[in-house]
Amino acid sequence: MKRRLFLLALLPAACAQPNQPPPVTAAPPAEEPEQVFAPGPIAWDRLNEDQKRRARDAMRRLGYDISSEEAILRQWNALPPAKQRFAIRRPPPPAPAPPPRAGATSRPAARPASRPASASPRPPTPPR
């Protein structure tokens, strides 16, 4: 019963406040979103210069002939669409660095104590 009264008391307050617009961010977006291609092969002419550079690098790593523009176009058109997309994909952003530990910089690392040189525990074996 108390719960119902509480919810009924909140109802006018919730209805009285209009939806507020999201807060405006001052920082511009880090990067523009990557272009999305339709299913099927991707035409070389539709690629921007960065994607063409990535595609050339991928074909070089795969051992394809990239000595001329005609060879690159021939190899690009022979690639399956999945490999084309994989070749031009944007690399993932770097992982955030872990926060430094507070105790790591304040004192030097402990070094293990060295053992004094001692004779071997077993006596040498006599020659046969």
Side-chain angles (χ1 to χ4, degrees):
M1 186 68 171
K2 288 182 182 180
R3 186 175 181 184
R4 284 187 185 176
L5 290 175
F6 176 74
L7 291 175
L8 285 174
L10 284 180
L11 185 62
C15 293
Q17 294 179 352
N19 291 338
Q20 297 178 1
V24 178
T25 57
E31 294 181 6
E32 70 278 350
E34 192 168 8
Q35 183 180 1
V36 178
F37 293 97
I42 302 169
W44 184 259
D45 300 335
R46 292 193 55 207
L47 301 178
N48 61 30
E49 289 304 315
D50 193 40
Q51 290 170 332
K52 286 181 181 180
R53 180 190 53 79
R54 286 189 220 132
R56 283 187 200 101
D57 291 345
M59 286 192 281
R60 182 182 39 79
R61 283 192 310 268
L62 291 171
Y64 292 136
D65 177 28
I66 58 168
S67 58
S68 67
E69 192 68 24
E70 292 83 25
I72 292 172
L73 285 172
R74 190 172 46 252
Q75 295 294 337
W76 180 256
N77 292 330
L79 282 177
K83 282 192 178 181
Q84 288 178 346
R85 282 174 175 70
F86 187 76
I88 64 171
R89 80 192 190 292
R90 183 178 292 164
R101 295 187 324 192
T105 59
S106 63
R107 62 180 182 179
R111 297 179 67 177
S114 61
R115 299 168 109 189
S118 62
S120 71
R122 281 193 263 171
T125 57
R128 294 187 181 181

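The structure presented is a predicted model; accordingly, all values stated were derived computationally and were not measured.
For the atom pair K83 NZ and L62 CG, the distance stands at 6.0 Å (nearest 0.5 Å).
Of all heavy-atom pairs spanning R54 and I88, the tightest one is NH1-O, 2.6 Å. Between E69 and R56, the shortest heavy-atom contact is OE1-NH2, 4.2 Å. A58 approaches A87 most closely through the heavy-atom pair CB-CB, 3.7 Å.
In terms of the side-chain hydrogen bond (donor to acceptor under 3.5 Å, both in side chains) criterion, N77 has no residue partners (sequence neighbours excluded). Evaluation of the salt bridge (charged side-chain N to carboxylate O under 4.0 Å, His left out) rule for D65 yields no partner, not counting sequence neighbours.
A salt bridge does not link D57 with R61: none of the charged nitrogens is closer than 4.0 Å to a carboxylate oxygen.
The 12-atom threshold is exceeded at NZ of K52, counting heavy atoms of other residues, nucleotides or ligands nearer than 6.0 Å.
Between the side chain of Q51 and the backbone N or O of N48 there is at least one donor-acceptor pair closer than 3.5 Å. Remark: the backbone N or O of I42 is paired with a side-chain donor or acceptor of Q84 at under 3.5 angstrom.
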TODO: With side-chain contact (heavy atoms from CB on, under 4.5 Å) as the test, would you mind laying out the steps for L73 and E70 before giving the verdict?
DONE: CA-CA 5 Å; L73 285 172; E70 292 83 25; 5.8 Å; no
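Legend: ring-ring contact (aromatic ring centres under 6.0 Å, His included) pairs involving residues 60-89, not counting sequence neighbours, sorted by first then second residue: W44-W76.
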